[in-house]
Peer 1: 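Below is the structure I would like to discuss, written out as structure tokens.
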Amino acid sequence: MLMTHAYRTHTCGQLRNTDAETTIRISGWVHRVRDHGGVLFFDLRDHYGITQVVADPASSAFKAAEGLRSEWVVRIDGKVRIRPAGTENKDMPTGLIEVYATDIEVLGPAAELPLPIFGEPDYPEDIRLKYRFLDLRRETLHKNIMTRTKVVSHLRNKMNDIGFNEFSTPILTASSPEGARDFLVPSRIHAGKFFALPQAPQQYKQLLMVAGFDKYFQIAPCFRDEDPRADRLPGEFYQLDLEMSFVTQDDLFATMQPVIMELFDTFKGNKTVRPEVPRIPHSEAIRRFGSDKPDLRNPIEMQAVTEHFAGSGFKVFAGMIAADPKVEVWAIPAPKGGSRAFCDRMNSWAQGQGQPGLGYVFWRDGEEGAAGPIAKNIGPERTESVRKQLGLNVGDACFFVAGRPEKFYRFAGDARTLVGKELNLTNENEFAFAWIIDFPFYEWSDEDKKVDFAHNPFSMPQGGMKALQEQDPLTIKAFQYDMVCNGFEIASGSIRNHSPETMVKAFEIAGVTKAEVEERFGGMYRAFQFGAPPHGGMAFGVDRLVMLIVGASNLREITLFPMNQQAQDLLMGAPSDPSPKQLRELHIRLNLPEA
RNA sequence: GCGGAAGUAGCUCAGUUGGUUAGAGCGUCGCCCUGUCACGGCGAAGGUCGCGGGUUCGAGCCCCGUCUUUCGCGCCA
């Protein structure tokens, strides 16, 4: 047969027993060599799959095959043949055949590997990041990246299908009002001035609405110079950013909920997607779940049980309640957690968290009343009232935290998460969503001793100008919402404040003058003077969506070339020193800290 | 900026109470092996125990400092 291509007639995932006896050419990486002396096997791998190649002393390729090592790139000419009976590999799509090599050309030999491609043990991040191109060859990461690509493509197609228009907004822009630290880019032409990379295309997309484009979306890169977390990449990340005109909050939910549900339905694998997506007010989420991004797979819901402790024999709580009317006692029910061992384990965990402890009661079989120190202190009647309120039974336990809710709700939420996990109440094979709505517009800043925006300053306060003028700012809610899934915030958005007067008033309450608003958000402030439509939108964290879908616990598992925690790219060596010429052109002199 | 964990062969790790020559697996190199698919067997090379200082007769191990990686806090509209 005349070879029609320099490198391949088939991919490494393509050949089947119907190809038997054909002469083929394949190229790829040597995955694994098994040299038996007289007969030699190796697996050839490319993006599409793995094919076993075999050579024996009768083959003209035998000598070359003996020299092959892992990860060399080679071109193989050979003949497809059915594997001898009993040597088939049913775990491989190509496992019924093998390629008998007649010619081998080494296209790219490989030095000794700093990390193996075959098998996937954990490796230190610095090695993985420095040799990212090798890490990306490994099966799991390679698959994750492909899933990411398919997710992005799915979202883009879907958004186009439902009438959204994709626009690219500028990357070199002005420093924006979001809370994060900006990445700055010096301007050569304007000495001493800097561009900022966008933290989000927030102002641009709102300007697009003012410009009449109605439905905007973008898979947008966003840049924030903040320290990372496992679920927060350093430097840059991607959002599915969207904005709509003439819509209410309900319209946005009705538009995007099906998109997200269909996405997860498409990529869920053998997990299930809970069809109900409840809308939970922010304050209720805090009280029921101890979090503004509750994991609804965990069935535990907390309740206030303050009145059962007020004036009770449990002096610690009773004293706190008497001393401060804002103090509450919350109960964290633990169904089937009714054992001393479990309760003590939770108690030591709490102490490890810097808490004095975690009070509990539990109900045992064949025992009158309840066990645990708190039960004895508050007495059987109050204990029974607690049990009834929470609907608990023999075999169950309940934990208690007391104080001002804003101080302890996080800890209570963590305890709820741990109880759910320890007692296997949380179904790990499910995706459970919720909309968290009615976020507070303002919050009290202890640091600055003033009222500050709780989240997005461009949100519309519920009640509008009237609320800003008449209400206690700390009680004002915003038309602002998050979508959460399994304890992660996957989207955040709001109905925007499109009235310049209301905007000025909103900033005034946060201590920002009209002049400052005009200076810092001049483009948008000006735009709102000339016919701004009511509009709103949201942004989904693409990285987090993919992380949830593939079940990764770290964003580096779904990102092509991530930076390390110090925001360095170890592969490319970024950031790097500028040349003296570059600095001269930019009129920049370095003022480095003392070594 | 702060706190926790880790750092021993190219890679993953073990290394007891401080004790004589620091080990294993994978990989690499050499030899043997005709049906493996984590092939197998024999052998070899490979180490500034992150770095610096200290305690000690003696330190991979204890102490102090420092660097690197990571997880968390701060921060993240």
Side-chain angles (χ1 to χ4, degrees), chain A residues 31-45 50-59 62 66-67 69-71 81 83-92 94-95 98 100 110-131 134-135 176-182 198-200 202-203 222-235 237 352-354 410 414 439 441-443 447 452-459 478 480 482 489 492-494 496-497 506-507 510 520-521 538-539 541 553-554 556 564-566 568 570:
Chain A
H31 190 58
R32 193 85 175 154
V33 181
R34 295 176 294 279
D35 185 350
H36 293 242
V39 64
L40 178 154
F41 304 93
F42 61 92
D43 296 324
L44 196 67
R45 183 194 73 239
I50 291 182
T51 297
Q52 175 165 284
V53 181
V54 61
D56 62 28
S59 163
F62 188 66
E66 285 186 309
R69 294 293 176 269
S70 287
E71 298 309 307
R81 56 186 207 192
R83 292 199 193 186
T87 65
E88 304 90 350
N89 186 337
K90 294 194 173 58
D91 297 331
M92 294 172 69
T94 62
E98 63 194 7
Y100 182 77
E112 185 173 348
L113 300 168
L115 71 154
I117 311 302
F118 176 79
E120 302 198 37
D122 284 339
Y123 273 77
E125 289 296 337
D126 51 339
I127 299 285
R128 295 184 55 183
L129 294 177
K130 186 173 175 189
Y131 297 96
L134 294 180
D135 203 21
S176 54
E178 282 95 8
R181 200 175 288 119
D182 283 317
Q199 295 183 24
Q202 181 67 31
Q203 294 188 72
C222 304
F223 305 90
R224 290 176 195 177
D225 187 7
E226 294 292 350
D227 291 341
R229 294 288 180 273
D231 66 347
R232 197 170 83 205
L233 285 167
F237 59 98
Q353 297 291 301
R410 269 173 218 283
D414 289 347
F439 275 69
F441 193 47
Y442 294 110
E443 66 187 3
E447 194 184 332
D452 209 347
F453 290 107
H455 297 278
N456 186 336
F458 300 125
S459 304
Q480 161 138 19
D482 282 358
E489 174 196 319
S492 191
S494 65
R496 318 302 177 186
N497 182 351
F507 274 99
R520 281 165 62 190
F521 325 124
M538 62 181 102
S553 57
N554 190 301
R556 286 183 296 272
N564 69 8
Q565 197 169 26
Q566 269 60 249
Q568 295 166 303
L570 296 175

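Order of the sequence lines sets the chain letters (A, B, ...), proteins ahead of strands, with each chain counted from 1. The figures that follow rest on heavy atoms only: side chains count, while hydrogens, waters and symmetry mates do not.
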Peer 1: Does B/rU69 have OP1 or OP2 under 4.0 Å away from a side-chain N or O of A/Asn564?
Peer 2: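 So the side-chain polar atoms of A/Asn564 do come within 4.0 Å of the phosphate oxygens OP1 or OP2 of B/rU69, strictly under.
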
Peer 1: From C-beta outward on A/Arg81, which listed nucleotide comes closest to its side chain: B/rG35, B/rC33, B/rC76?
Peer 2: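 Given the options B/rG35, B/rC33, B/rC76, the side chain of A/Arg81 is closest to B/rG35.
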
Peer 1: Give a yes/no on whether any side-chain N or O of A/Arg556 is located under 4.0 angstrom from OP1 or OP2 of B/rC71.
Peer 2: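 Answer is yes, contact under 4.0 Å.
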
Peer 1: Under 4.0 Å from any atom of RNA chain B, heavy atoms only: list the residues of residues 50-58 of chain A that qualify, in numerical order.
Peer 2: A/Gln52

Peer 1: Given atom CG of A/Asp231 and atom P of B/rU70, what is their separation to the nearest angstrom?
Peer 2: 15 Å

Peer 1: Over how many whole Å does the gap from A/Leu134 atom CG to B/rU12 atom P extend?
Peer 2: 14 Å

Peer 1: How many whole angstroms separate atom CD of A/Gln565 from atom P of B/rU70?
Peer 2: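 Checked: the CD to P distance equals 5 Å.
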
Peer 1: Rounded to whole angstroms, how far apart are CZ on A/Arg34 and P on B/rU36?
Peer 2: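 In whole Å, B/rU36 P and A/Arg34 CZ are 10 Å from each other.
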
Peer 1: I want to verify a distance call: between B/rC71, B/rC76, B/rC33, whose nearest atom is closest to the A/Ala180 side chain?
Peer 2: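 Comparing B/rC71, B/rC76, B/rC33 against the side chain of A/Ala180, the answer is B/rC76.
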
Peer 1: Hey, does the side chain of A/Gln568 come within less than 4.0 Å of B/rU69's phosphate (OP1/OP2), counting only N and O?
Peer 2: yes

Peer 1: Of the options B/rU36, B/rC75, B/rC29, whose atoms approach the side-chain atoms of A/Arg69 most closely?
Peer 2: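 Nearest listed nucleotide: B/rC29.
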
Peer 1: Going 5' to 3' along nucleotides 5-10 of chain B, which nucleotides have protein heavy atoms under 4.0 Å from the base (write B), which only from the sugar-phosphate (write S), and which from neither (write -)?
Peer 2: -----B

Peer 1: Consider the side chain of A/Pro116, meaning its heavy atoms from C-beta on, and name the nucleotide among B/rA38, B/rC11, B/rG35 that approaches it most closely.
Peer 2: B/rC11

Peer 1: Expressed in angstrom and rounded to an integer, what is the separation of A/Gln566 atom CD from B/rC2 atom P?
Peer 2: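 Checked: the CD to P distance equals 13 Å.
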
Peer 1: Kindly say if A/Arg229 contacts the phosphate of B/rU70, meaning a side-chain N or O under 4.0 Å from OP1 or OP2.
Peer 2: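 Checking A/Arg229 against B/rU70: no side-chain N or O falls below 4.0 Å of OP1 or OP2.
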
Peer 1: Return the nearest nucleotide to the side chain of A/Glu226; candidates are B/rC75, B/rC39, B/rU69.
Peer 2: B/rC75

Peer 1: Taking the side chain of A/Val39 as heavy atoms from C-beta outward, which of B/rC71, B/rG27, B/rU34 is closest to it?
Peer 2: B/rU34

Peer 1: Please determine, for the side chain of A/Arg232, which listed nucleotide (B/rU34, B/rC37, B/rC76) has the closest atom?
Peer 2: B/rC76

Peer 1: When you measure only distances, ignoring hydrogens and angles, does the side chain of A/Arg83 come within 3.5 Å of the base of B/rC37 through a donor and an acceptor?
Peer 2: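 Yes, the side chain and the base share a sub-3.5 Å donor-acceptor pair.
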
Peer 1: Check the distance between B/rC73's P and A/Arg410's CZ and give it to me in whole angstrom.
Peer 2: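 Between P of B/rC73 and CZ of A/Arg410: 9 Å.
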
Peer 1: Nearest 0.5 Å please: distance from the CZ atom of A/Phe223 over to the CD atom of A/Gln199.
Peer 2: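 Here the rounded value is 11.0 Å.
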
Peer 1: Ring-on-base stacking between A/His36 and B/rU36, under 5.5 Å between centres and under 30° between planes: is it there?
Peer 2: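 It does not: the ring fails the test against the base of B/rU36.
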
Peer 1: Name all residues meeting the side-chain contact (heavy atoms from CB on, under 4.5 Å) criterion together with A/Ala110; count only those two or more places apart in sequence or in a different chain, and write none if there are none.
Peer 2: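 Counting only residues at least two positions away or on another chain, A/Ala110 forms a side-chain contact (heavy atoms from CB on, under 4.5 Å) with A/Glu71, A/Trp72.
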
Peer 1: Whole Å only: how far is the CZ atom of A/Phe118 from the C1' atom of B/rG27?
Peer 2: 13 Å

